[in-house]
Structures are given as structure tokens and as C-alpha cells.
Amino acid sequence: MTNNRFLQHTFLFWLFATLLMMAHASQSSAYSPDTLSPDTLVANLNQSETEVSKQQLSKILTLKKTRWSNNQRIQIFLYAEDSEAFNEFIVNQLGVFPYQLRRHWKRSGFSGRASPPVIVDSMDELIERLEATPGAIGFIPQSLMTSELQRVTISD
């Protein structure tokens with residue numbers, strides 16, 4: 001009897017969480033220039049690929065794809081305080097929950113299979129690291145684009 005009640009509570013919790021996330025995602029489809037949107041995925045200027053599919057991006061973010069087509073190592077940089085915008089992007093574009101991605105990063109890091117994303121403390125540091133690291137990829141507000149970065153288009 002107790003196990004059945006536990007399952008009911010667990011189901012209701014996940015149902016509520018899913019509905020809450022769906023409601024939040026549907027509240028606003030408009031992005032201001034300083035919010036994260038699919039067109040603000042950027043890479044180091046020396047990176048030759050300017051377009052990735054959603055499937056490729058999923059493989060990059062889950063650390064299954066660790067090298068670009070030119071064999072350059074992919075290094076992901078993320079801004080810690082931009083997590084809400086990044087989380088919304090992950091749910092809307094890739095259809096996974098951020099906690100699933102973070103859990104995968106921890107597992108991959110502990111196993112030594114791949115290096116998890118580098119989390120930086122400021123947007124300035126994020127831009128500096130993206131500009132200075134060959135093979136770097138990250139998310140920045142469109143208004144902060146520099147000549148040392150290139151936009152990476154996400155295709156279906």
C-alpha cells in the first residue's frame with residue numbers, strides 16, 4: 001500500500017513539474033537582444049563549421065561529439081548566471097531537461113570520457129575564453145557578438 005502511494009505522489013510531482021515547465025516555455029516566444037536564443041550559439045572564429053543540426057548540437061552538449069570535422073577538440077564554455085536562459089534553450093531546442101544534461105556532464109567528467117563544459121563567472125570572461133580558445137563553442141547574447149566570434153546556425 002505504501003509503495004502504491006509513493007508511486008502516485010511521484011507521478012503527480014512529475015506531472016506538475018512538466019506542466020509548469022510547459023506553461024513557462026509558452027509564456028513568451030519573444031526574445032530581447034540580451035536573452036539567449038537559438039541564433040546566439042557562437043564559436044571561435046577559427047572554427048570552420050558555421051552550421052550544426054539539432055542532433056549534432058545535442059551530441060556536442062552531451063559530450064558524445066568531442067571534435068569538429070577538422071579534428072579540432074570542441075570546448076564548451078558556459079556563463080553560470082545565464083542558467084535560466086540556457087535552461088530554456090535546452091528544453092525548447094533539444095527537448096531535454098537541464099538536470100539531465102548536468103548529470104550527464106558529471107558522469108562523463110568522472111569517467112574521464114570527455115571534459116565537461118567550463119563554467120565562467122562573468123560574461124566578459126566567457127567572451128574572452130571563446131575568442132582565445134580554438135574549437136570553443138558557447139552561448140552569448142546577440143548584442144555581445146565580437147569580430148573574433150562567429151554565429152553558428154542551428155538547423156533542423
Side chain to side chain contact (heavy atoms under 4.5 Å, CB included), that's the test. Do Val118 and Arg129 meet it? Break it down for me.
CA-CA 10 Å; Val118 174; Arg129 301 284 290 268; 3.7 Å; yes
Please step through side chain to side chain contact (heavy atoms under 4.5 Å, CB included) for the pair Leu78 and Val120, ending with a clear verdict.
CA-CA 6 Å; Leu78 299 174; Val120 297; over 6 Å; no
Would you say NZ of Lys64 has more than 12 non-hydrogen atoms from neighbouring residues, nucleotides or ligands within 6.0 angstrom?
no
Heavy-atom nearest pair, Tyr79 first then Met123, reads CD2-CE, 3.3 Å
Donor-acceptor side-chain pairing of Gln75 and Thr133 below 3.5 angstrom:
no
Within-4.5 Å side-chain heavy-atom neighbours: Leu149 and Leu45:
no
Are any non-hydrogen side-chain atoms of Val91 and Val96 less than 4.5 angstrom apart?
no
Euclidean distance, Thr62 OG1 relative to His104 NE2, rounded to 0.5 Å:
4.5 Å
Would Arg151 and Gln142 count as a side chain to side chain contact (heavy atoms under 4.5 Å, CB included) here? Give the steps.
CA-CA 9 Å; Arg151 179 171 288 118; Gln142 185 175 349; 3.3 Å; yes
To the nearest 0.5 Å, tell me how far Ile76 CD1 sits from Phe139 CZ.
8.0 Å
dist Leu61:CG -> Ile90:CD1 (nearest 0.5 Å) comes out at 5.0 Å
Residues forming a salt bridge (charged side-chain N to carboxylate O under 4.0 Å, His left out) with Glu131, sequence neighbours excluded:
none
Within 6.0 angstrom of Lys59 NZ, more than 12 heavy atoms from elsewhere:
no
